[in-house]
Amino acid sequence: MSDTWLVRAVAVEPWARDLRRRIHSNPELSGLERETAALVAETLAALGLSPRTGVGGHGVVCDIGGEAPGPMVALRADMDALPIHEATGLPYASQRPGVMHACGHDGHTAMLLGAASMLAAARDRLRGTVRLVFQPAEETVAGAAAMCAEGVMEGVSAVFALHGWPGIDAGVVATKSGAVMASTDTFEIAIEGRGSHGAYPHLSRDPIAIGALVVTAAQQIVARRIDPLEPAVITFGTFHAGTATNIIPAAATLTGTMRALSPAVREALPRLLEETARGVCASQGAGCSCTIRAGVDPVVNDAEWTALAVEATRSELGGEWIAELHTPSMGAEDFGVYLRHAPGAFLRLGIGNEAVGHDCKYDFNDGALVHGMACMASVAERALEAAARP
Ligand SMILES: [Zn+2]
Ligand SMILES: [Zn+2]
């Protein structure tokens with residue numbers, strides 16, 4: 001009998017850990033993943049595979065064909081880092097000031113390379129093709145769309161991804177069917193008031209005071225206009241106006257993010273926000289313009305493919321290493337873009353750390369690599385079998 005994926009993952013782990021730390025030391029911002037993509041392509045080529053580079057920016061795509069023909073499933077990892085100055089003090093900490101792998105994408109990339117080496121060495125077990133998708137620009141939620149526009153999802157029956165997750169015990173895989181990550185859309189509200197001397201407010205249409213009303217009124221949208229059983233977030237991230245203590249400025253600009261788990265709420269939020277902002281500004285004699293920038297869909301896991309991923313993980317790692325996720329996150333991920341093209345599942349991989357994602361002390365826990373690699377390989381193998389069934 002051939003080795004289990006878990007046994008193979010243990011053998012591959014030192015190599016994958018070394019790759020993870022090399023990527024961690026050399027982080028690259030979204031859209032600039034030139035060296036990371038080159039390392040990925042080189043590593044895949046050294047495994048005897050034929051990666052395609054430059055897909056949707058610095059994306060890399062690589063197919064591993066099994067000995068038996070069959071359908072195709074995709075595994076996705078993201079490669080980009082964040083504009084954060086690392087403060088971990090680790091020997092393999094970022095060598096690039098102000099840039100850091102603080103979301104674990106170094107771990108995701110290393111795990112998918114590890115899974116690639118395991119799958120490439122076990123083609124006899126595969127009935128079909130495993131497509132590896134190394135994505136750029138996840139943090140700017142642009143990379144998935146760019147890769148899909150170049151056809152990476154054509155012919156793919158199901159797609160899976162694993163994201164490291166602090167707060168879940170290291171090595172535990174957790175997921176659920178249905179929504180697991182939120183949509184994100186951004187807004188900018190420009191308030192056109194009238195400036196004046198700070199001593200003569202009656203001659204102004206004070207955009208700061210009106211902006212404060214807009215922020216307050218917007219809280220009513222989630223509290224009173226959206227079904228309380230439907231999660232929604234409206235967060236104002238910036239509020240810019242004014243130049244001096246005794247001047248009422250003529251304009252103010254507010255920006256922020258809107259999040260939802262259902263398409264209906266996602267669609268309602270921009271309309272309600274614009275209506276509220278315009279109404280408040282009109283009542284105070286100010287003009288208002290709202291600009292909405294569409295971000296990404298919520299990540300909604302397919303029930304059947306999630307059940308398959310859970311079962312594959314359970315049989316590979318043992319029941320104590322798979323957990324039912326009870327609540328989704330209002331964080332966003334552009335994995336939902338792939339799910340427009342094929343169903344699939346987004347899995348969390350516990351890394352046990354205390355530092356949350358996007359924190360300057362964050363470090364992907366190498367202790368989770370083995371389970372991550374075994375999980376991905378096992379899910380791919382079983383998904384191919386399931387996709388081949390009529
Ligand atoms: Zn992130
Ligand atoms: Zn991330």
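We use all heavy atoms of the structure for the numbers below, so side chains are in, but hydrogens, waters and symmetry mates are not. Order of appearance sets the numbers: ligands from 1, and atoms from 1 within every ligand.
For residue His358, an N/O/S atom approaches the Zn ion (ligand 1) to within less than 2.8 Å. Here His163 reaches the Zn ion (ligand 2): one of its N/O/S atoms is less than 2.8 Å from the metal. Within the 2.8 Å limit, Glu333 places no N, O or S atom next to the Zn ion (ligand 1).
Ionic pairing of Arg382 and Glu316 is not present here: no N-O contact between side-chain nitrogen and carboxylate oxygen is shorter than 4.0 angstrom. Between Glu274 and Arg278 there is a salt bridge, with a side-chain nitrogen of the basic residue lying less than 4.0 Å from a carboxylate oxygen of the acidic one.
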*asked:* Applying salt bridge (charged side-chain N to carboxylate O under 4.0 Å, His left out) to Arg52 and Glu150, what does each step give before you reach the verdict?
replied: CA-CA 12 Å; Arg52 275 190 291 138; Glu150 295 204 22; over 6 Å; no

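Residue-level check: among N/O/S atoms of Glu139, OE2 sits closest to the Zn ion (ligand 1).
Annotation: side chain of Asp334 is in contact with side chain of Arg76 (closest heavy-atom distance under 4.5 Å).
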